[in-house]
Student: 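Could you have a look at this structure, given as structure tokens, before my questions?
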Amino acid sequence: MKSSANTVYLTSNLSITNDENYIVDCLVDHDEMPANFEASHVISFYAQTDLCLVLYFPQHDDRGFQMYVVEDFTQNTDDLVFLREMFMQLINEGHNPELMKKAHYKVDSILHMAKTLRAVIHKDAPDYYED
């Protein structure tokens, strides 16, 4: 997935952007655009082998989108763990706990499915074949 000009890499495979035009284009392209902009949202979708996780903040003083991208997320589960732990730290610090709990839960769910998704995405992966 191509990145935005405002993309910042948190790790070698995990990036964040707040480029709203880019994020909205991605959401529209993947038919994931939220209908209600008065509520918070955690939206995830896949772009080939990348996981895209979009957070929408409805507060008037902090309104807008953030998008995290974990490149080849089934192979880079350490980056998923990093992202999950980052959300937990933000929850513990009191930064928008309701939204961060949703994001933490979403990443945790994906992390638990990573091995199965790796088998589906990378059919040549060693753990794809049954014994």
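Along the sequence shown, the residues carry numbers beginning at 1.
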Student: Would you please name every residue forming a side-chain contact (heavy atoms from CB on, under 4.5 Å) with Ser109, sequence neighbours left out?
Tutor: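 Once residues adjacent in sequence are excluded, the partners of Ser109 under the side-chain contact (heavy atoms from CB on, under 4.5 Å) criterion are Tyr105.
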
Student: Could I get the full list of side-chain hydrogen bond (donor to acceptor under 3.5 Å, both in side chains) partners for Asn96, not counting sequence neighbours?
Tutor: none

Student: Please list, chain by chain and in numerical order, all residues satisfying side-chain contact (heavy atoms from CB on, under 4.5 Å) with Ala35, sequence neighbours excluded.
Tutor: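 side-chain contact (heavy atoms from CB on, under 4.5 Å) check on Ala35 returns nothing, list empty.
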
Student: Can you name the ring-ring contact (aromatic ring centres under 6.0 Å, His included) partners of Phe37, sequence neighbours left out?
Tutor: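 If we apply the ring-ring contact (aromatic ring centres under 6.0 Å, His included) test to Phe37, skipping adjacent residues, the hits are Tyr56.
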
Student: Which pairs, with at least one residue in residues 89-102 and sequence neighbours excluded, count as a salt bridge (charged side-chain N to carboxylate O under 4.0 Å, His left out)?
Tutor: Glu98-Lys102

Student: Could you work out, with side-chain hydrogen bond (donor to acceptor under 3.5 Å, both in side chains) as the rule, every residue matching Asp78, not counting sequence neighbours?
Tutor: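 Per chain and number, Asp78 pairs via side-chain hydrogen bond (donor to acceptor under 3.5 Å, both in side chains) with no residue.
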
Student: Please name all residues satisfying ring-ring contact (aromatic ring centres under 6.0 Å, His included) with Phe82, sequence neighbours left out, ordered by chain then number.
Tutor: none

Student: Give me each pair satisfying salt bridge (charged side-chain N to carboxylate O under 4.0 Å, His left out) with a member in residues 52-66, each pair once, sequence neighbours excluded.
Tutor: Glu38-Arg63

Student: Counting only heavy atoms not in Asn36 (residues, nucleotides, ligands), do more than 12 fall under 6.0 Å from its CG?
Tutor: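 Result for CG/Asn36: enclosed.
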
Student: Check side-chain hydrogen bond (donor to acceptor under 3.5 Å, both in side chains) between Glu20 and all other residues, then give those that pass, not counting sequence neighbours.
Tutor: none

Student: Are the side chains of Val107 and Tyr68 in touch, meaning some heavy atoms are under 4.5 Å apart?
Tutor: no

Student: Sequence neighbours excluded, which residues qualify as ring-ring contact (aromatic ring centres under 6.0 Å, His included) partners of Tyr46?
Tutor: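 Checked Tyr46 against ring-ring contact (aromatic ring centres under 6.0 Å, His included); matches are Phe73.
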
Student: Please name all residues satisfying salt bridge (Lys or Arg N to Asp or Glu O under 4.0 Å) with Asp108, sequence neighbours left out, ordered by chain then number.
Tutor: Arg84

Student: Take a 6.0 Å sphere around CD of Glu32 and say whether it holds more than 12 heavy atoms from other residues, nucleotides or ligands.
Tutor: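 More than 12 within 6.0 Å, yes.
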
Student: Name all residues meeting the side-chain hydrogen bond (donor to acceptor under 3.5 Å, both in side chains) criterion together with Ser44; count only those two or more places apart in sequence or in a different chain, and write none if there are none.
Tutor: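 side-chain hydrogen bond (donor to acceptor under 3.5 Å, both in side chains) check on Ser44 returns nothing, list empty.
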
Student: Can you measure from CG (Leu10) to CG (Asp79) and round to the nearest 0.5 angstrom?
Tutor: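 So the gap between those two atoms works out to 9.5 Å.
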
